[in-house]
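Down below is the structure, laid out as structure tokens.
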Amino acid sequence: MSLDLLLRDVRLPDARATDPTVDIAVADGRIAEIRRGITGTARETVEGGGRVVAGGFVETHIHLDKTCILGRCACETTRNPHRAMERVSEIKHTFTVEDVTARASRTLEKCISHGCTRMRTHVEVDPKVGLRGLEGVKAAIARYAWAIDIEICVMPQEGLTNNPGTDELMVAALKNGATVVGAAPNYDTDRAAQIRRVFELAREFDVDIDMHLDSGASAEELDTLLVCELTETYGWGGRVAIGHVTKLSTMPYREFDVVAKRMADVGVALTVLPATDLYLGGRDQECHVRRNTVDANRLSDLGVLCSISSNNILNPFTPLGDGQLIRQANLYANIVQRATDADLRATWDMFTAGSAKLMRQGDYGIAVGNPGDLVVVDAPTAVDAVREIAPVLHAFKRGRRAVTRAPAVLHPPA
């Protein structure tokens, strides 16, 4: 059998460091065999050295259209309020298609270098930016199609019902490349109306929903419950995700668990965005600052599908970051104080298999017949990778090499 790729001596994500390794063969862009001792001629053979291998990492929530604008925005002059949305809004009229493509490409190269092979990016539309963000991101998607598959979620960051012309742009985007519809009701004068309109658009275009929801310092007026109601009413279970939901982090367990059970029962998933939520949250407090990041492990234990993602990179919402999902997972685990092997193994799923399930990617993972989207991480197990923020050494898209990173080498004196 002639192979595209042969990975030797690697461990699957569920393996322990003492478990036997396997080989993985990829032919015609798809996984052909998984077992010890595979033979055959391969275009490329990689010795894994007992390291963990995974399906390519999955970024479910990022903003390529407004990445890398930190130096163009007004400085953050106060801790509270942060004015992140306003500071971005002030420069959106300067975005061009070419500018968006260039900035999105810079961030995409970082994400790809850290093992991301699938992604959902949110893209804003409103009268200030029109469809320029959409067109710029589409060009970047085409440019990097050899390394990563990307879907677009169109969203009204600055409001929908209170922002004339935005609804028409949402519709235009859904007719012109967007395959998911999003929301940001916190910035709308009628939050419920925006949420209901997004469900209308989802039904009209038969697309999934991914909303920015319930960022705040208390659990009052929880929009998540309306989303659960509409998900159940319209039979959209398994097709709805909500991001941030930091209000849940302020709830006692007895109340938290009620909301979690409701989400699990109707099929609403949740994406945790630790870098943004930690950076923006708790600014009304001078001491004992709340962590502002929801415990996705508890949600997952209660049956809610969860993912961990980057959100913004190098802009006022998140002025730090490099698209490294293992780093986000490690940060998240520190914030919510989860460090057992079982917790970290579950966290690993939140940027691999769980994220793929959230995006309804049925061909994800290391199984015969699936695409040869594979990453080799410089750690013996998935748990060790999250604990140590282990780097990606090799990444492959459909069996073709996309990334190479050499392991660190120490040079002691002779």
Side-chain angles (χ1 to χ4, degrees), residues 60-62 79-82 84-85 122 183-187 191 195 210-228 240-266 268-312 317-321 325 327-340 342-344 346-347 349-351 354-355 358 386:
T60 64
H61 188 128
I62 197 169
R79 180 171 175 268
N80 184 36
H82 55 74
M85 193 274 283
H122 292 252
N186 271 24
Y187 294 107
R191 301 196 315 272
I195 292 168
D210 199 336
M211 298 184 174
H212 298 64
L213 212 68
D214 282 332
S215 293
S218 77
E220 295 176 2
E221 301 182 18
L222 203 62
D223 290 332
T224 296
L225 298 177
L226 175 59
V227 171
C228 289
V240 178
I242 54 178
H244 298 288
V245 200
T246 61
K247 289 183 178 182
L248 290 184
S249 70
T250 70
M251 301 176 73
Y253 284 159
R254 65 182 182 278
E255 298 173 16
F256 179 103
D257 291 356
V258 171
V259 178
K261 185 177 187 306
R262 179 69 171 143
M263 292 171 63
D265 287 347
V266 301
V268 172
L270 184 141
T271 299
V272 178
L273 305 161
T276 303
D277 294 339
L278 183 63
Y279 180 74
L280 296 183
R283 289 173 176 247
D284 58 312
Q285 297 172 289
E286 293 183 0
C287 61
H288 302 297
V289 178
R290 73 181 70 86
R291 295 192 293 262
N292 205 54
T293 301
V294 68
D295 186 347
N297 286 80
R298 188 173 184 89
L299 284 169
S300 181
D301 289 344
L302 293 167
V304 179
L305 178 63
C306 294
S307 72
I308 292 173
S309 283
S310 299
N311 196 39
N312 287 283
F317 289 92
T318 321
L320 312 165
L325 286 170
R327 187 176 72 83
Q328 290 290 344
N330 178 280
L331 173 64
Y332 157 82
N334 273 282
I335 297 168
V336 300
Q337 301 169 338
R338 295 280 188 167
T340 68
D343 285 340
L344 294 182
T347 300
D349 274 348
M350 293 179 197
F351 58 94
S355 291
L358 184 151
V386 175

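Here the structure is a predicted model, which means the values were calculated and not measured.
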- prompt: In Å, rounded to the nearest 0.5 Å, how long is the span from CG of N80 to CD of Q285?
  reply: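 That separation rounds to 10.0 Å.
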Quick one: side-chain hydrogen bond (donor to acceptor under 3.5 Å, both in side chains) partners of [X], sequence neighbours excluded?
| X | value |
| --- | --- |
| D301 | none |
| R262 | E232 |
| E221 | R191 |

side-chain contact (heavy atoms from CB on, under 4.5 Å) involving A217 - partner list, sequence neighbours excluded: D284, R290
task: For L305, check side-chain contact (heavy atoms from CB on, under 4.5 Å) against everything at least two apart and list the hits.
output: A269, K357, L358
Nearest non-hydrogen partners of [X] and [Y], listed with the distance:
| X | Y | value |
| --- | --- | --- |
| L325 | S310 | CD2-OG, 3.9 Å |
| N186 | S215 | ND2-O, 3.0 Å |
| C306 | L299 | SG-CB, 3.7 Å |
| A329 | T347 | CB-CG2, 3.7 Å |

Taking the side chain as everything from C-beta on, heavy atoms only, tell me whether [X] gets closer than 4.5 Å to [Y].
| X | Y | result |
| --- | --- | --- |
| S218 | M251 | no |
| L331 | P274 | yes |
| L278 | N292 | no |
| M85 | Y187 | yes |
| Y279 | L273 | no |
| M211 | I195 | yes |
| N312 | I62 | no |
| K247 | E220 | no |

message: Can a side-chain donor-acceptor contact be found between S307 and T60 if the only test is distance below 3.5 angstrom?
response: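 S307 and T60 do have a side-chain donor-acceptor pair below 3.5 Å.
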Donor on one side chain, acceptor on other, T224 and D214, under 3.5 Å: yes
query: Between the side chain of H82 and the main-chain N/O of A84, is any donor-acceptor distance below 3.5 Å?
result: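 Confirmed, H82 side chain pairs with A84 backbone.
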message: Checking the side chain of N330 only, and the main-chain atoms of V386 only, is there a donor and an acceptor separated by less than 3.5 Å?
response: yes
- prompt: Listed by chain and number, what are the salt bridge (charged side-chain N to carboxylate O under 4.0 Å, His left out) partners of R338, not counting sequence neighbours?
  reply: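 R338 satisfies salt bridge (charged side-chain N to carboxylate O under 4.0 Å, His left out) with D295, D343 once adjacent residues are dropped.
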message: Taking R298 first and then D257, would you say they form a salt bridge - that is, a charged N and a carboxylate O separated by under 4.0 Å?
response: yes
task: State which residue, out of D277, T276, V272, fulfils the side chain to side chain contact (heavy atoms under 4.5 Å, CB included) condition with N311.
output: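 Among the candidates, only T276 passes.
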task: Report, as yes or no, whether the 6.0 Å neighbourhood of atom CZ on R79 holds more than 12 heavy atoms from other residues, nucleotides or ligands.
output: yes
